[in-house]
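Residue numbers start at 1 and run along the sequence shown.
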Amino acid sequence: MKYLAIIFLLNCRLFSQEIIMPVERKIKLSYNNPNYENYVFKDINNVFEKFTGKWNFRDNLYNIDLEIFKHFDKDNRQDAIYVNIRVIKGNDTLINTLPFAKENYITGGVFENEKNLTKTTVFFSEINELWICGHYCSVDLTYNNNELIWDIEDKKLLFNKTARLFPNHIKFIKP
């Protein structure tokens with residue numbers, strides 16, 4: 001009986017192996033796929049590289065800095081990006097997560113279309129001492145000729161008060 005249990009456990013381990021897939025295929029592979037839980041999505045094609053680094057936006061009213069990093073999101077079993085942000089309006093600092101050294105309020109990195117690797121979506125939760133359930137919005141990041149376009153649709157800002165503190169459509173450049 002002891003040997004049967006060992007054989008059973010070995011078979012379970014063999015058949016539940018993780019399948020490594022490119023991160024850009026996550027959306028397509030997760031729809032109607034019963035084996036989805038076996039997948040780990042990795043940035044094997046370096047699709048996040050163009051998004052990472054320091055970015056900034058300046059105009060007469062705002063001074064906004066982004067730092068984008070790549071990390072492994074254990075909860076979603078995928079390589080992802082996270083964004084630290086500092087928003088200064090006039091002389092007032094409205095948001096500053098730049099001192100944080102790990103993923104926090106703006107994270108994700110899903111590609112709605114695996115053939116368009118210049119646009120990814122991250123999710124922006126309310127920047128507060130505590131995470132507030134339901135107070136998030138999605139942000140589309142589009143890389144275009146060394147510019148990073150940050151775009152939040154008004155309808156996606158339903159409860160997120162933090163994201164309302166600055167413009168919804170911003171063109172960032174590398175300093």
Atom CD1 in I20, atom CG in N38: separation rounded to 0.5 Å? 11.0 Å

Is V87 reachable from Y82 through a run of I, L, V, M, F, W or Y residues, each pair having side-chain heavy atoms under 4.5 Å apart? no

Roughly how far, to the nearest 0.5 Å, is the CD1 atom of I149 from the CZ atom of F172? 11.0 Å

Taking all non-hydrogen atoms of both residues, which atom of I152 and which atom of A163 are closest, and how far apart? CD1-CB, 4.1 Å

May I ask you to test the I68-V122 pair for a side-chain heavy-atom distance under 4.5 Å? no

Measure the shortest side-chain to side-chain distance between F166 and I95 over non-hydrogen atoms and say whether it is less than 4.5 angstrom. yes

D79: salt bridge (charged side-chain N to carboxylate O under 4.0 Å, His left out) partners, not counting sequence neighbours: K42

Does F100 belong to the same Ile/Leu/Val/Met/Phe/Trp/Tyr cluster as F69, with side-chain heavy atoms less than 4.5 Å apart forming each link? no

Nearest 0.5 Å please: distance from the NZ atom of K115 over to the CZ atom of R25. 8.5 Å

P175 versus K54, closest heavy-atom pair with distance: CD-O, 3.2 Å

K70, NZ: over 12 other non-hydrogen atoms inside 6.0 angstrom: yes

Quick one: closest heavy-atom pair of K119 and T142, and the distance? CG-OG1, 3.6 Å

Could you walk me through whether L165 and K89 pass side-chain contact (heavy atoms from CB on, under 4.5 Å), step by step? CA-CA 9 Å; L165 294 175; K89 183 177 181 182; over 6 Å; no

Identify the two heavy atoms, one from V139 and one from W150, that lie closest to each other, and give their separation to 0.1 Å. CG1-CD2, 3.6 Å

Does V47 share a hydrophobic cluster with Y39, counting links as ILVMFWY side-chain heavy atoms below 4.5 Å and allowing steps through other members? yes

When rounded to the nearest 0.5 angstrom, what is the spacing between CG in L66 and OG1 in T97? 9.0 Å

Looking only at heavy atoms, what is the nearest atom pair of F111 and N116, with distance? CD2-O, 3.8 Å

Find the distance between CG (D75) and OG1 (T107) and round it off to the nearest 0.5 Å. 10.0 Å

Test item: I173 and N56 side chains (from C-beta on) under 4.5 Å apart, heavy atoms: yes

Does the side chain of I81 reach to within under 4.5 Å of the side chain of T120, using non-hydrogen atoms? yes

Rounded to the nearest 0.5 angstrom, the CD-SG distance for E153 and C137 is 10.5 Å

Step-by-step side-chain contact (heavy atoms from CB on, under 4.5 Å) determination, F124 to V83: CA-CA 9 Å; F124 189 144; V83 180; over 6 Å; no

Aromatic plane relationship, Y143 with F51 - under 30° parallel, 30 to 60° tilted, over 60° perpendicular: perpendicular

Answer yes or no: is there a donor N or O on one side and an acceptor on the other, between the side chain of D73 and the main chain of N76, under 3.5 Å? yes

Hydrophobic cluster identity match, L94 and I85, side-chain contacts under 4.5 Å: yes

Could K174 and W55 be counted as a cation-pi pair, given that NZ or CZ must be under 6.0 Å from the ring centre and within 45° of the axis? yes

Would you call D65-R58 a salt bridge at under 4.0 Å N-O? yes

What are the two closest heavy atoms between L117 and K50, and how far apart are they? O-CE, 2.8 Å

